[in-house]
Amino acid sequence: MEKVATETEDAVRSFLAEELGEVSRPGRYLGIEVNAYRKPFTPGGLNCVLVYPDVYEIGMSHLGLAVLYEEINEREDAMADRAYLPWVDMQERMLKRKIPLFGLESRVPLSRFDLVGITLQHELTYTNVVRILSLSGISPFASQRDDELPLVVGGGPGAFNPEPLAEIFDFLVLGEGEEVVHEILEAVSEWKKARKRDRRGFLRSCASIAGVYVPSLYEVDYHPDGKVAEIRAREGAPFPVLKRVVKDLDVHTRPRRPVVPLVESVHDRCSLEIFRGCTRGCRFCQAGMIYRPLRERGEEVLRRWGVEMIDATGSDELSLSSLSSADYTRILSLAESLSGELGRRCVAVSLPSLRTDTFSVELATRLGKVRKTGLTFAPEAASPRLQAAINKGVSDQDLLEAVSAAYCGGWRKMKIYFMVGLPGEEEEDVEAICHLVRRIMREGDGGRPPKGLRLSVSVSTFVPKPHTPFQWARQLSLPDTARRHFILKEGLRMRGVTWKWHTREMSYLEGVLARGDRRLTPAVVAAAEEGCLDNWSEFFSWERWRKALEKAGLDPAWYVERERDSEEIFPWDHLSAGLDKSFLWEEYSKALRGETTPDCRFGECVSCGVCPHTGTETRLAKEVG
Amino acid sequence: MRRLLVKFYKKGEAALLSHRETMRAMERALRRSGLPLAYTAGYHPHPKVSYSPALPLGVAAEAEYLEVAVEGDVDPKEAREMMNTALPSGLGVVSIEILPPSMPRLSRWTRYGLYRVEAGDAVLHLCLRLSGEGGGRLRDALERLEKETGLNLKGSYITRTGIFASREEVLEEAPRPVYFYRGSDGRLEKAGQEEDPVGE
C-alpha cells in the first residue's frame, strides 16, 4: 500500500515537471504561496483537503475555506491541503497521463486523504463537484465507496438544500464551520484509531454532532404527483438538523495570515469580515435568511486584526466585507481609523457591498477607492409595488439620490443591478426598469443630465431559493424570460447605457437545482459525465442537461415554474436554518400584498425564529471608550 | 529619494511564474520589507518599481533585478531578510544595494541576457540581446543553437545566469565557449577560449 502510494506521488511529481510548462497559467498548480502551511501528509495524522469546485483564481478569493484552512492547520494532529478544479487543458493532460487530482501543497492524490471537504457556493458548480471526484478516482456515489476512501463532506449555503447531491456526500455541515470542524475532526480521529472501520457506524455517530447532516440516514417518500409525501429520519438521526451558529465572533478571528494567491484572483484583496448575518429582510436573499442572526465584531478587534492581515500579506487593499457593510454600527469610525493607519502605507480600504443611499456613497467617496471600477447599486426592482414586495427598502428616489451623490463625488462609472421574474411581476414592472434608467440619465446630476456618466445595467433572472420567503414562488419560463429581455433590449437603448443579462438557460438550471430533490442526483452525475461544467460558460450546455433530466424521468418545468402551496413539504424541510416556516410563509403573503417588514435591529423582533432556535441573539458593536 | 537595486533569483517551480506574477510577489514582499517605499501619486498609488526584461515562462534565473525608489533611511541587510520571509519558495533576494545617483536607470543597462542551457550532460552558454537593435527571442535562439550543435534541446533546463550592459561585459563574465545570437539576422557566433573573434 505505502509503496503504491509513493509511486503515485513520484508520478505526480514527474508529470508536473514535464507538463506544467505547457499549460495555461501554471502558477495555479504550484502550491508555493506565501502563508501556505505546507504541512506534511502523515499516514498517522488527520489529513484533510479543502476543495473549491472552480478554478484557483475564484477559489482563492473564498473566505470560508480560508477560515477552515487555518482552523485545521493550527491543530497539531491535523493538516489541511487545498484543491481547485484544474482548467480543461490541465484536466486533459492529467487524464491522458492517468494522474489523479492531488492536493496543491502535498501533491498527494485526493483519494488518500481522510476527509475531502467541498464548499457549495452556487448551484452551477454542482457538475464541477462531480468532475472533481471523477478526476480524483473517487466514486460520485457515497454508497459505492469502501471504508478506505475519504469521507466526502459538504458545506456552504448549498448545504441548506444539498438534495440534488444527496447521494454524493457522506455528510454535510449546516451553518458556520469554525467550531464544528473540531468536533468532526475528533470523531474522525477516533474512527481512524478503531481497528475495524465501519463507515455506516461512523456516519451514524457523526449525525449526533449538532449541525451535521448525513443524507443516507433520511428516507424520502413521494406522492404520485411527484411532491414529497414524507421525510423520515432513521437510526436516531436528528429531525430537523439545525444549523451551527457561532455566538461570539470576537473569539474567532481567522484567517489571520491568509494565503497570498500567486495568480491574480477575482477579488485580489484581503477580506476582513466585519459582521455575519443581515436582518434587512430582503425576501429574495438566501444569505440574508440563512446567516441570521446579525453578529457584529468589536471595532477594536477589527482594527487590530485588519492591520495584522495587511502586515501578513503585503496586500494593497483591505476590504471590509459582510452582506451589507455600511450597516456596521461603527462603520464610520472603523473605516476612517483603518484607512488613516493603512493609508500611510498606500493600502486602500474598501467596501464590497454598498447600500443604495447617500450615506454609503459619501463613505465610499471618502475612502476614495474603486474609482476605476466604479460604484455598484442593487435596487433589484424598479416599481414601487415590487420594491415593497422584495422588502429591500430602496425606492426610485433613494436610487436617484445615491446616483446624484456619487456623480457629485466624481464617479463617472456606475453599475446597477435589477432582477426580472420577481413574484407578482408584470411586464409593466419590467418597463419600469427602463423608465428608471431613463430618469437617471436625465436627472442623475441633482436634476440635470449627468454628463459623461457611463451606466452599466445588469439584469439577472430571479431564482427562488430554499429557506427564503420566496421559496414557494414560481420562476420565469424560458420564453417569458426572453420576452422580458426583449423589452429591456428595446427600452435600454440609450446613450451612455450598456446592459448585460444572465444567460436564460443558466438561471433556469440554477432554478432546477436550487429547489431540487434527491431524484436529481443521477441527472447531475450524468450531465457531468457528458462534459457539463455549468459554471464555465464555454462548457455549459442546456441541451445536454435537458437530455440528462429526460433520461432520469424528470421535468425541469415542474421544479422551476410551479408555484408551491402552503401545505407542500419541501425536499429540504428536514434541514433548518433556524427560521420558522410560518414566518417565511407570512413574509411571502405580505410580499404578495405589497407589505413591508422592518429590520429587527431598529425595532421590534419580527419573530423569524432564529434567536430562540439557535440560542443566540443580535450583537452590535459598542462604542469604544 | 534614493534608488535601491534588488538582485533576486527565481528557481525550481517558481520559474513557472509569469513576469506579471513575479512582479506581484516582489511588490508584496517589498510592502512587507519595512523599506520606506516611495509611491506614485494619484488614486491608485503604487510603489515606484521597475524590473529587468521579462523572463520567458519556465526559465529560471540567478540574477534578475528590480529598482525601487525609497524615501528615508534603509538597512539593506534587514530589508533583504524581511523580503526573503515574504516571498514564495523559489523566489529569493540575493542582495540589496543603494545606488549612487550617477548610476543609470535599470532599462539603460539591462541589455544582454546570458543563459545556461542544460540538456542531458551538455551545458551550453547562450547570450542574446534583450531589447533594441539586434534583440531576439530566446525561443528562436535555441532553435538556431539546436541546428548549430546538433543537440536536442527540447526539455532542457534553462537558467538566465546574468544580465549585462555590453558584449564586453558578457565576455568578461561568461564561461567559454559562449554563443552570441543576433536577432536581426538570426546569426549565431561562437566565442571560444581565446580572444573574441567577432566584434560588433
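Naming: A, B, ... by sequence-line order, numbering from 1 per chain.
A 6.0 Å sphere centred on CZ of B:Arg105 holds no more than 12 heavy atoms belonging to other residues, nucleotides or ligands. Crowding of B:Glu78 atom CD: a count of heavy atoms from other residues, nucleotides or ligands under 6.0 Å not exceeding 12. Surrounding CD of B:Glu143 are at most 12 heavy atoms belonging to other residues, nucleotides or ligands under 6.0 Å away. Atom CZ of A:Arg256 is surrounded by more than 12 heavy atoms from other residues, nucleotides or ligands within 6.0 Å. Counting non-hydrogen atoms of neighbouring residues, nucleotides and ligands closer than 6.0 angstrom, the CG atom of B:Asp73 reaches no more than 12 such neighbours.
Contact annotation for B:Ala25: neither backbone nor side-chain heavy atoms come within less than 4.5 Å of a heavy atom of chain A. Only the side chain of A:Arg257 comes within less than 4.5 Å of a heavy atom in chain B; its backbone stays farther off. When heavy atoms are compared at a cutoff of 4.5 Å, B:Leu57 approaches chain A solely by way of its side chain, counted from C-beta outward. Of the two parts of B:Ala15, neither the backbone nor the side chain holds a non-hydrogen atom closer than 4.5 Å to a non-hydrogen atom of chain A. In this structure, the portions of B:Ser89 lying under 4.5 Å from any heavy atom of chain A include both its backbone and its side chain.
Note that CZ of A:Arg345 is 9.5 Å distant from CZ of B:Arg31, once rounded to the nearest 0.5 Å. One finds the CG atom of A:Leu16 at 6.5 Å from the CD atom of B:Glu13 (value rounded to the nearest 0.5 Å). Between A:Cys346 atom SG and B:His46 atom NE2 the span is 10.0 Å, to the nearest 0.5 Å. The structure places CZ of A:Arg28 at 12.5 Å from CG of B:Leu16, a figure rounded to the nearest 0.5 Å.
Per-residue heavy-atom pair counts under 4.5 Å with chain B were compared for A:Ala36, A:Pro261, A:Ala17, and the maximum is reached by A:Pro261. The most heavy-atom pairs under 4.5 Å with chain A, out of B:Ala29, B:Pro45, B:Ser33, B:Gly90, come from B:Pro45. Between chain B and the options A:Val260, A:Ile310, A:Val347, the largest number of non-hydrogen pairs under 4.5 Å is found for A:Val260. Put simply, of B:Ser18, B:Pro88, B:Pro47, the one with the most heavy-atom pairs under 4.5 Å next to chain A is B:Pro88. Among A:Leu20, A:Asn35, A:Val263, the residue with the largest count of heavy-atom pairs under 4.5 Å with chain B is A:Val263.
Nearest heavy-atom pair, B:Arg32 versus A:Thr313, reported as atom, atom and distance to 0.1 Å: CD-C, 3.6 Å.
Counting only heavy atoms from C-beta outward, the side chains of A:Leu30 and B:Leu17 approach each other to under 4.5 Å. At a threshold of 4.5 Å between non-hydrogen side-chain atoms, the residues B:Arg28 and A:Val34 do not count as touching. In this structure, A:Leu262 and B:Glu21 have side chains that are not in contact, with every pair of non-hydrogen atoms separated by 4.5 Å or more.
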